Amino acid sequence: MNQVRMHGAHLLLAAVALGAAACSDSSTAPLNDTATLSRAATPAVASDEGAVYTMTNATAGNEVVAFHRGANGALSPLGTFSTGGLGTGGTVDPLGSQYALILSADHRLLVAVNAGSNTVTAFRVAAGGALTRADEAPSGGDRPVSLALSNGLLYVLNAGDNTVGALRLNPQGKMSVIPHGVRALAAAASGGAAVHFTADGSELIVSERTANRLETMSVGANGRLGAPVVTASNGAVPFGLDVTSAGTVVVSEAGGAAPNGAVSTYRAGPAGALSILTASVDAGGRASCWIIVTADGRIAFIANSASQAIASAAIAPDGTIAILNPFAATPGAGTIPIDIDLSAGDSYLYTLEAGAGTIGGFAVGPNGTLTPAGTVTAGPASGGLQGVAAY
């Protein structure tokens, strides 16, 4: 799960002066009790091919832009698919979030936020990657920006009023609101950036980029969330987050130790509090906002957007993390790589290059090496594109 910049020189200055501003413009076997959001899950189609998605976030009507992924990682357009909702517009990273788009574990459902109309849309994913809109439902709050899905439970982080809405999602993509399921976060101000399940699905974690904290909530049997447990972020502007299969919580920090961003790791405790494992390791670049971890939990990739680079990092069995290469991939000046995701099997990494309006692909090699695998146009440069989801 998921979800930095402004444009050009303005972004570079903001990334140093104000990390928070740098990160905003700122799955189908049935979803049953054992289905979880994991790239290690069996794909819907036994194939080396897949699909990659982003969305327009347009005020006149939000759309998902879909691409078929070939076995060699190359992308070809499948078309655009209306969500039925509205976006907020903007230029680069207008939602300031990770996981604005997510896939179910079996890759048969895709869910998108509609931040301009306070709803979420679910699509059914066809074998070739094309989409059929299945349902649209209220997010439970103001300005939905991030999603988490596991065991048929769908949670929506609403950044405008700092709430988390709760829904059920069935295998056909139909959604139902969980009664009394909206939970207010502890942070009084808006600014939630990402929501993600812990490895066992028993808790949700939210990164609060403006309040500089992480909030953990237990997931009840009825889908309702417990009161948030607050952990102060080790570094400034906690933004992206992911969780390894072993349960290590990995958090990118956009306002980390100057002049660069940072990454910290935590262990989730039984009462919800997080204990630090690695404290704000220099990520080797500025505006470290998005982070994604391989299914085996060994490698993390971090989008250092203001440095126009993707960094790689090694995660040890004890949950500690160390940067391998701060410039594992360099999409190019002005591209502003933001959201990132890995394909099924972790063979390819894709990044939304918001400054250029493109999606860049990279073949993933041993020890997190990245080799360019092509670029495709997704929309206008600095046109408000948001989110990326891949399988």
Side-chain angles (χ1 to χ4, degrees), residues 1-6 20-26 54-64 82-102 110-122 135-149 154-167 175 177-178 181-196 204-215 217 225 228 237-241 254 289-290 338-339 352 354 383-389:
M1 55 187 4
N2 217 356
Q3 326 63 59
V4 141
R5 286 102 328 238
M6 287 156 254
C23 293
S24 61
D25 176 36
S26 328
T54 188
M55 65 181 188
T56 64
N57 189 44
T59 56
N62 190 20
E63 293 179 311
V64 174
S82 172
T83 67
L86 305 177
T88 61
T91 57
V92 176
D93 187 34
L95 301 187
S97 71
Q98 186 169 357
Y99 307 120
L101 284 172
I102 58 169
L110 176 80
V111 188
V113 301
N114 299 307
S117 53
N118 298 331
T119 62
V120 295
T121 299
D135 203 4
E136 186 179 356
S139 70
D142 178 44
R143 197 167 173 265
V145 298
S146 183
L147 300 158
L149 173 63
L154 176 66
Y155 294 97
V156 190
L157 172 61
N158 297 293
D161 58 3
N162 256 21
T163 59
V164 178
L167 306 119
M175 293 177 285
V177 173
I178 294 176
V182 177
R183 168 62 71 176
L185 294 168
S190 62
V195 60
H196 204 286
L204 277 182
I205 305 172
V206 173
S207 60
E208 289 279 357
R209 61 186 176 87
T210 55
N212 289 319
R213 60 174 65 173
L214 304 168
E215 300 195 29
M217 294 159 284
L225 299 171
V237 195
F239 189 95
L241 69 92
C289 293
W290 288 267
I338 59 169
D339 219 338
L352 174 58
L385 294 169
Q386 191 77 53
V388 66

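Side chains are part of it too, since the values below use all heavy atoms of this structure and drop only hydrogens, waters and symmetry mates. Note that the coordinates shown come from a computational prediction; the quantities given were computed from them, not determined experimentally.
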Looking only at side-chain N and O atoms, does Glu63 offer a donor or acceptor that is under 3.5 Å from a partner on Asn57? no
Candidate pair Val182 and Val177, rule side chain to side chain contact (heavy atoms under 4.5 Å, CB included), full reasoning: CA-CA 9 Å; Val182 177; Val177 173; over 6 Å; no
Taking Asp339 for its side chain and Leu352 for its backbone only, find out whether a donor-acceptor pair lies under 3.5 Å. no
Check whether Ser97 reaches the backbone of Val145 with its side chain - one donor and one acceptor, N or O, closer than 3.5 Å. yes
Can you find a side-chain donor-acceptor pair between Asn158 and Ser139 that sits under 3.5 Å? yes
Flag, side chain of Ser207 to backbone of Gly240, donor-acceptor distance under 3.5 Å: no
Which is it for Ile205 and Leu241 under the side chain to side chain contact (heavy atoms under 4.5 Å, CB included) test, yes or no, and what are the steps along the way? CA-CA 9 Å; Ile205 305 172; Leu241 69 92; 4.3 Å; yes
Would you find a donor on one side and an acceptor on the other, under 3.5 Å apart, between the side chain of Thr210 and the backbone of Ser190? yes
Can you sort out the partners of Asp142 under side chain to side chain donor-acceptor pair (under 3.5 Å), two or more places apart, ordered by chain and number? none
N/O donor-acceptor pair under 3.5 Å between Glu215 side chain and Ala187 backbone: yes
Okay, side chain of Thr54, backbone of Val388: is any donor-acceptor separation there less than 3.5 Å? no
Run the side-chain contact (heavy atoms from CB on, under 4.5 Å) test against Ile178 and tell me which residues pass, sequence neighbours left out. Leu153, Ala166, Arg168, Arg224
For Val164 and Leu185: C-alpha separation, side-chain torsions, deciding distance, then whether side chain to side chain contact (heavy atoms under 4.5 Å, CB included) applies. CA-CA 7 Å; Val164 178; Leu185 294 168; 4.1 Å; yes
Determine whether the side chains of Ser82 and Asn62 contain a donor N or O and an acceptor N or O closer than 3.5 Å. no
What distance do Leu101 atom CG and Met55 atom CE have between them, rounded to the nearest 0.5 Å? 5.0 Å
side-chain contact (heavy atoms from CB on, under 4.5 Å) partners for Thr119, two or more places apart: Asn114, Ser117, Glu136
What distance do Leu157 atom CG and Leu204 atom CG have between them, rounded to the nearest 0.5 Å? 10.0 Å
How long is the gap from CZ on Arg143 to CG on Asn162, to the nearest 0.5 Å? 10.5 Å
Checking side chain to side chain contact (heavy atoms under 4.5 Å, CB included) between Tyr155 and each of Leu225, Leu167, Leu147, Val206, which is the one that passes? Leu225
